[in-house]
Amino acid sequence: MVNTLGRLNHVGVATPSIGDSIAFYRDVMGATTIHAAFDLPVQGVRVCFVDMPNTQIELIEPLGEDSPIAAFIAKNPAGGQHHLCYEVPDIEEALAWFRAKGARVLGEPRTGAHGTPIFFVHPRDMGGVLTEIMETPREQH
Ligand SMILES: C[C@@H](C(=O)O)C(=O)SCCNC(=O)CCNC(=O)[C@H](O)C(C)(C)COP(=O)(O)OP(=O)(O)OC[C@H]1O[C@@H](n2cnc3c(N)ncnc32)[C@H](O)[C@@H]1OP(=O)(O)O
Ligand SMILES: [Co+2]
């Protein structure tokens, strides 16, 4: 089996305040396309996408006390770079691939911010980078 690594979909950036981060990306970075923020309870985060010509920044703010990014924000109160997300054509194939490599998959695939299944691989097995694997949205296949 081969894993087909696709586009870099987004860079996840954790923030204590999506509102403050939107102002930063607009006023300091000069981003022109910033989507509306929305709650994603299934992932325990509030999300806002900032578009670049070749990828997106995914701003994530903790949603609720059990948020998976609560510990990260406690350690990095100003926020910071949190994860990289790569697209794959088939989430189940990718899941089997990473498990066969001995990489620790965190939980089971769940619906991500783009409406397709995603899973995370532990940073300790990914050269220190928390890695998100996302099935490519259908219209891009
Ligand atoms: C909306 C959705 C989407 O795109 O569709 C998303 O992205 S949601 C994005 C938010 N969701 C997730 O992140 C879900 C998956 N993440 C998790 O399950 C967790 O965050 C873990 C990755 C297991 C970390 O959990 P937690 O922070 O509680 O554990 P911990 O503090 O004990 O950390 C364990 C080790 O991992 C390191 N560590 C923790 N977070 C890290 C990060 N973001 N990047 C790199 N390393 C990281 C710590 O420094 C520590 O290293 P040492 O052991 O060397 O000291
Ligand atoms: Co993400």
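Ligands are counted one by one from 1 in listed order, and the atoms in each one are counted from 1 as well. Each residue takes its place number in the sequence, starting with 1.
The option from Gln81, Arg46, Met126, Glu58 that lies nearest to atom 3 (C) of ligand 1, judged by heavy atoms, is Glu58. Distances from atom 17 (C) of ligand 1 to the heavy atoms of Thr116, Leu63, Val47, Leu106 show the closest one on Leu106. Considering only non-hydrogen atoms, atom 35 (C) of ligand 1 lies nearest to Arg124 out of Arg104, His82, Arg124.
Not one N/O/S atom of Cys85, from backbone or side chain, sits under 2.8 Å from the Co ion (ligand 2).
Distances between N or O atoms of His122 and those of ligand 1 include no value under 3.5 Å. Checked against a 3.5 angstrom limit, the closest N/O atoms of His10 and ligand 1 fall inside it. For ligand 1, the polar-atom distance check finds no N/O of Pro123 at less than 3.5 Å from any of the ligand's N/O atoms.
Under the 4.5 Å side-chain heavy-atom criterion for ILVMFWY residues, no single connected hydrophobic cluster contains both Tyr86 and Leu106.
In this structure, atom 8 (S) of ligand 1 lies nearest to the protein heavy atom Phe120 CZ, 3.8 Å.
Looking at His10 and the Co ion (ligand 2) together, the shortest N, O or S contact belongs to NE2. Residue-level check: among N/O/S atoms of Glu132, OE1 sits closest to the Co ion (ligand 2). Looking at Glu58, its N, O or S atom nearest to the Co ion (ligand 2) turns out to be OE1.
In this structure, Gly128 is part of the shell of residues with a heavy atom less than 4.0 angstrom from ligand 1. Under a 4.0 angstrom heavy-atom cut-off, His114 registers as lying outside contact with ligand 1.
Taking every heavy atom of Ile60 and a limit of under 4.0 angstrom, the matching atoms of ligand 1 come to 9 (C).
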